[in-house]
Structures are given as structure tokens and as C-alpha cells.
Amino acid sequence: MGNYVLEECSMYTHLQIKNKDVYIFETHNMALPVWGTYSGKYQTEFNLVTFDSHTDTRTPFTAEVISRSNDFEVSPNHPVVKDILKGKHYKKEKFCFEDVLKIALQYVRNDEHILTADYFGYIKSYKVICDLDASEAQGYESDDQVRGYDAKYFIREQQSKINYKDIEIPIILDFDLDYFVHENCISEELKKAITPLVKKSSVITIAKEPEYFEQCKIQNDYTCEKALEDLLLMLEQIL
């Protein structure tokens with residue numbers, strides 16, 4: 001299904017930390033080809049756990065459908081979506097990295113990758129730890145569950161109280177650097193809490209999102225580069 005693969009793509013920085021694959025990229029839509037690669041490789045659906053200031057659970061291709069048709073009713077059967085996916089090998093059974101990279105770059109916004117991954121069959125559940133308030137998180141969770149998603153939303157204050165040990169493998173662990181709004185976000189408490197998750201994950205993905213990092217941070221002298229450095233150090237210490 002084409003020879004161009006994730007390992008050859010210059011848009012990703014690939015690290016191995018104690019044999020654990022870590023992929024770093026600029027914007028969160030670029031997670032989709034990584035998750036698809038692993039879904040295709042193992043022929044399975046993953047449980048996703050993501051740490052992000054935002055929820056990033058907008059309906060797949062919403063922005064593209066609206067821009068092309070001015071139609072706010074978006075579904076997989078929409079003609080625009082059918083046109084985007086026509087002839088593309090995006091399902092894990094016949095996965096083509098190049099096809100999914102093109103889809104991600106051209107048609108998926110950086111808040112649409114999670115539900116696109118669900119639609120493509122790469123993930124079967126997702127847990128989002130984000131910067132909503134408790135009632136907002138509950139609202140998102142209820143709405144998504146009504147729509148048939150295996151979804152859980154948690155607020156930042158709950159991040160160290162979640163029972164990560166109970167999350168079943170296979171797991172994709174994902175971070176958006178805009179979640180780390182000051183240098184104390186990456187703490188011993190967080191490290192201790194997510195240790196089982198880091199060790200059990202099949203792959204770790206990190207979206208730098210420098211623009212949103214700058215918008216979200218509450219410590220002026222904290223940089224995206226320093227947040228990445230701190231996160232990688234924590235992962236190394238865990239592994």
C-alpha cells in the first residue's frame with residue numbers, strides 16, 4: 001500500500017526511550033498518521049489517554065465540510081467526507097501511511113484527530129484530561145456517550161487521582177504541550193500517578209502546538225522547548 005512510512009517522514013521526531021517509541025510533532029492533527037501506523041501494525045484498536053488544555057474532540061472533518069458546503073450537519077456519510085476518503089487506504093486492515101498523512105495535513109484540524117481516529121478504527125476509547133471545569137467535563141462526557149463513544153473526561157485537579165492501572169492495554173499515551181502551563185505542572189505527583197500508564201503504553205505521542213502553548217501558559221518565562229525537555233526527562237525517569 002505504498003512504501004512511504006512513518007519512520008521516513010521528516011515531519012516527526014522519533015525517539016526511543018528505553019525501547020519505548022515516542023513521536024514528537026508540531027500540530028495535533030499529525031497524531032493521526034502515528035496512531036494509524038500502530039493500529040495497522042498491530043491490527044488492533046487502542047485505548048487513548050490524552051493530556052491537553054483543550055478537549056480536541058470535534059466531529060471529524062467539521063471545518064472542511066463547513067468551508068466547502070456551509071453545511072453544519074457533519075457525518076461520515078456527508079458528500080464532502082466521502083470525497084475526502086475516496087480511494088484512500090486509511091483503515092487498519094489496508095493502512096497506507098502516505099494516504100493518512102495527506103488526509104491529516106489537508107483535511108483534519110488540530111481538534112478533530114481523536115474522533116477521526118475513532119471513526120477510522122484506530123482507537124476504541126478515549127480519556128481526556130483537560131482544562132475544563134467539572135460541569136463542562138461532565139457535559140462533554142455525557143454528550144459523547146450518548147453519541148456512542150467510549151469517552152471519559154477529567155479535569156486537571158483529578159489528574160493524580162485517576163486509576164491509570166485499570167486502563168487496559170493496548171494504550172496510546174498522548175500529550176499536548178499546552179497542558180503544561182507552568183514549570184510545576186510536570187511534578188513528582190504527576191510522575192508517580194502516570195508511571196503505570198507510561199510503562200504500559202505501546203507508543204507515546206507529543207504535540208508541541210507552540211501557538212496554543214503560548215496562549216495557554218501562565219508563566220511568562222516558560223517556553224515550549226523547556227516544557228518538552230521537562231516532559232521527556234519525566235518519561236526517561238519513569239522508564
Side-chain angles (χ1 to χ4, degrees), residues 12-28 31 34-35 38 46-57 114 123 125-138 140-141 151-239:
Y12 297 95
T13 298
H14 176 218
L15 304 176
Q16 276 202 320
I17 303 176
K18 309 276 176 66
N19 296 319
K20 183 80 66 179
D21 285 322
V22 180
Y23 285 91
I24 305 163
F25 39 87
E26 291 297 311
T27 55
H28 228 149
V34 184
W35 300 351
Y38 277 77
F46 287 83
N47 295 305
L48 171 69
V49 183
T50 180
F51 293 80
D52 194 331
S53 273
H54 312 95
T55 59
D56 284 3
T57 48
I114 293 176
I123 62 172
S125 78
Y126 53 90
K127 290 176 173 57
V128 180
I129 300 96
C130 59
D131 265 338
L132 297 176
D133 65 39
S135 62
E136 285 176 317
Q138 188 57 54
Y140 268 87
E141 184 175 300
K152 291 277 186 188
Y153 289 80
F154 302 92
I155 60 172
R156 184 185 291 273
E157 288 73 21
Q158 296 171 304
Q159 67 177 15
S160 299
K161 301 179 180 72
I162 301 164
N163 193 348
Y164 299 106
K165 291 177 184 172
D166 286 351
I167 300 171
E168 292 182 1
I169 58 171
I171 294 167
I172 292 171
L173 175 56
D174 174 73
F175 297 95
D176 189 320
L177 291 185
D178 71 19
Y179 184 75
F180 304 110
V181 294
H182 56 75
E183 61 187 359
N184 295 325
C185 287
I186 298 172
S187 62
E188 283 298 316
E189 184 185 30
L190 178 65
K191 183 172 87 170
K192 185 179 177 184
I194 68 169
T195 287
L197 194 59
V198 172
K199 290 185 172 179
K200 288 197 299 183
S201 60
S202 297
V203 62
I204 298 171
T205 51
I206 302 172
K208 290 160 74 174
E209 289 287 0
E211 183 182 332
Y212 287 99
F213 180 88
E214 289 300 318
Q215 286 180 21
C216 293
K217 74 177 185 180
I218 57 175
Q219 178 183 339
N220 286 338
D221 63 349
Y222 199 45
T223 64
C224 195
E225 291 71 25
K226 184 66 169 74
L228 178 60
E229 185 184 314
D230 291 347
L231 176 57
L232 292 174
L233 178 61
M234 179 177 70
L235 295 175
E236 283 177 26
Q237 289 170 346
I238 289 170
L239 293 166

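Every heavy atom of this structure was used, including side-chain atoms; hydrogens, water molecules and symmetry mates were not.
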Checklist entry - Got a sec, which pairs hit salt bridge (charged side-chain N to carboxylate O under 4.0 Å, His left out) with one end in residues 159-187, sequence neighbours left out? => result none

Item to check | Inter- and intrachain pairs under salt bridge (charged side-chain N to carboxylate O under 4.0 Å, His left out), touching residues 226-235, at least two apart | outcome: Lys226-Asp230

Looking at residues at least two apart in the chain, or sitting in another chain, which of them share a ring-ring contact (aromatic ring centres under 6.0 Å, His included) with [X]?
X	value
Phe46	none
Tyr38	none
Phe180	none

Checklist entry - Can you name the salt bridge (charged side-chain N to carboxylate O under 4.0 Å, His left out) partners of Lys192, sequence neighbours left out? => result none

Checklist entry - Of all residues at least two apart in sequence or in a different chain, which pass the salt bridge (charged side-chain N to carboxylate O under 4.0 Å, His left out) check with Lys208? => result Glu26

Checklist entry - Are the side chain of Lys200 and the backbone N or O of Ile167 linked by a donor-acceptor pair below 3.5 Å? => result yes

Checklist entry - In Å and rounded to the nearest 0.5 Å, what is the CG to CG distance from Leu197 to Leu173? => result 4.5 Å

Test side-chain contact (heavy atoms from CB on, under 4.5 Å) applied to [X] - qualifying residues, sequence neighbours left out:
X	result
Glu214	Lys217
His182	Asn184, Cys185, Ile218, Gln219
Ile162	Ile129, Phe154, Tyr164
Glu136	Leu132, Asp133

Checklist entry - Between the side chains of Tyr153 and Thr57, does any donor sit under 3.5 Å from an acceptor? => result yes

Checklist outcome for this item: Looking only at heavy atoms, the pair that brings Ala193 and Gln159 closest together is CB-O, 4.3 Å

Next on the checklist: Going by the rule side-chain hydrogen bond (donor to acceptor under 3.5 Å, both in side chains), which residues pair with Ser202 if we only count those two or more places apart in sequence or in a different chain?
Outcome noted: none

